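Each remark here refers to the structure printed beneath this line.
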Amino acid sequence: VICNALQSLGYDAKAAESGAAALKKMQEAFFDVCFMNLDLPDMTGIEATVQYRAWETTGRDSRTNICALRGDNQNPESWFLSHGFDCVIDAPAKPVLRQYLDEFKARARAAAPPSVPIPVPALPEKPAAETAAAPKSAVPDFVPIGAPEPKGKMKVLV
């Protein structure tokens, strides 16, 4: 769902159906950002990230930003950072993904050093009545600010 939403918004988004597939895709091609689901078949997102970071230090000159899509895993953010993630995004992720990608693009334009983690925006609290009354829609509830980069789309792995 997230991959389709990002593609419809102009991002070059690819999906990985398992942890091993995510690891292989990241080794075969560079991605600006990877939103890593933690509950993947055959290899968790945590295992894939740890293995990728070990490979990345010898196999690539640039660093991929990897964000954990935490879901039910309630380890503290510091735990994720110590396991190679750059940030942690809690569900529901869609409103935060747009803000994160916009911040990533802004830093890329400003040539911010890749070693500086991008802070994840806080998800605004909604009143319970507003949350319950909100209709479910297949249309993503985020829209990118501005067009994709003129010299190619930002590459995202989900």
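Note that the structure is predicted; figures quoted are calculated from it, not measured. All values below were derived from every heavy atom in this structure, side-chain atoms included, with hydrogens, water molecules and symmetry-related copies excluded.
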What's the shortest heavy-atom distance between [X] and [Y], and which atoms?
| X | Y | value |
| --- | --- | --- |
| Ala48 | Gly19 | CB-O, 3.7 Å |
| Ala21 | Ala16 | C-CB, 4.0 Å |
| Ala13 | Leu6 | CB-CB, 3.8 Å |
| Ile46 | Leu38 | CG1-CD2, 3.8 Å |

side-chain contact (heavy atoms from CB on, under 4.5 Å) partners for Asp12, two or more places apart: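 Per chain and number, Asp12 pairs via side-chain contact (heavy atoms from CB on, under 4.5 Å) with Lys14, Lys153, Lys155.
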
- prompt: Can you list the residues that meet the side-chain contact (heavy atoms from CB on, under 4.5 Å) rule with Pro41, with sequence neighbours excluded?
  reply: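 Per chain and number, Pro41 pairs via side-chain contact (heavy atoms from CB on, under 4.5 Å) with Ser18.
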
task: Tell me, please, which residues at least two apart from Glu56 pass side-chain hydrogen bond (donor to acceptor under 3.5 Å, both in side chains).
output: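 Partners of Glu56 under the side-chain hydrogen bond (donor to acceptor under 3.5 Å, both in side chains) test: Tyr52, Arg53.
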
message: Holding to side-chain hydrogen bond (donor to acceptor under 3.5 Å, both in side chains), I want the full list of residues that pass it with Asn75, two or more places apart in sequence or in another chain.
response: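 Expected list: Asn73.
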
- prompt: Can you list the residues that meet the ring pair (Phe, Tyr, Trp, His ring centres under 6.0 Å) rule with Phe80, with sequence neighbours excluded?
  reply: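 In terms of ring pair (Phe, Tyr, Trp, His ring centres under 6.0 Å), with neighbours along the sequence ignored, Phe80 is linked to Phe85.
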
Salt bridge (Lys or Arg N to Asp or Glu O under 4.0 Å): pairs with one or both residues in residues 31-43, sequence neighbours excluded: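 As it turns out, there is no salt bridge (Lys or Arg N to Asp or Glu O under 4.0 Å) pair with a partner in residues 31-43 once direct neighbours are skipped.
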
Nearest-0.5 Å distance, [atom1] of residue [X] to [atom2] of residue [Y]:
| X | Y | atom1 | atom2 | value |
| --- | --- | --- | --- | --- |
| Cys87 | Met36 | SG | CE | 12.0 Å |
| Leu81 | Asp86 | CG | CG | 8.0 Å |
| Ile89 | Leu69 | CD1 | CG | 6.0 Å |

message: So does Phe31 get a backbone contact from the side chain of Lys25, meaning a donor-acceptor N/O pair under 3.5 Å?
response: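 Here the side-chain-to-backbone pair does not exist.
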
query: Under 3.5 Å, side chain of Asn65 to main-chain N/O of Val33, donor-acceptor pair present?
result: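 Checked: no pair found.
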
message: Taking salt bridge (charged side-chain N to carboxylate O under 4.0 Å, His left out) as the definition, give me every residue that meets it alongside Glu17, ordered by chain and number, with sequence neighbours left out.
response: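 Applying salt bridge (charged side-chain N to carboxylate O under 4.0 Å, His left out) to Glu17 gives none.
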
Joint cluster assignment, Met43 & Trp55, ILVMFWY side-chain distance < 4.5 Å: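 Hydrophobic grouping puts Met43 with Trp55.
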
message: Same cluster or not: Ile66 versus Trp79, using hydrophobic residues (I, L, V, M, F, W, Y) connected whenever any side-chain heavy atoms lie under 4.5 Å apart?
response: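 Yes, Ile66 connects to Trp79 through the hydrophobic network.
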
query: Hey, does Cys34 have a side-chain heavy atom less than 4.5 Å from the side chain of Met26?
result: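 In short, these two side chains touch, coming nearer than 4.5 Å.
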
query: Is the shortest heavy-atom distance from the side chain of Val50 to the side chain of Glu47 under 4.5 Å?
result: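 A side-chain contact under 4.5 Å is absent here.
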
message: Test side-chain contact (heavy atoms from CB on, under 4.5 Å) on Thr49 and His83; report intermediate values, then the result.
response: CA-CA 7 Å; Thr49 299; His83 284 78; over 6 Å; no

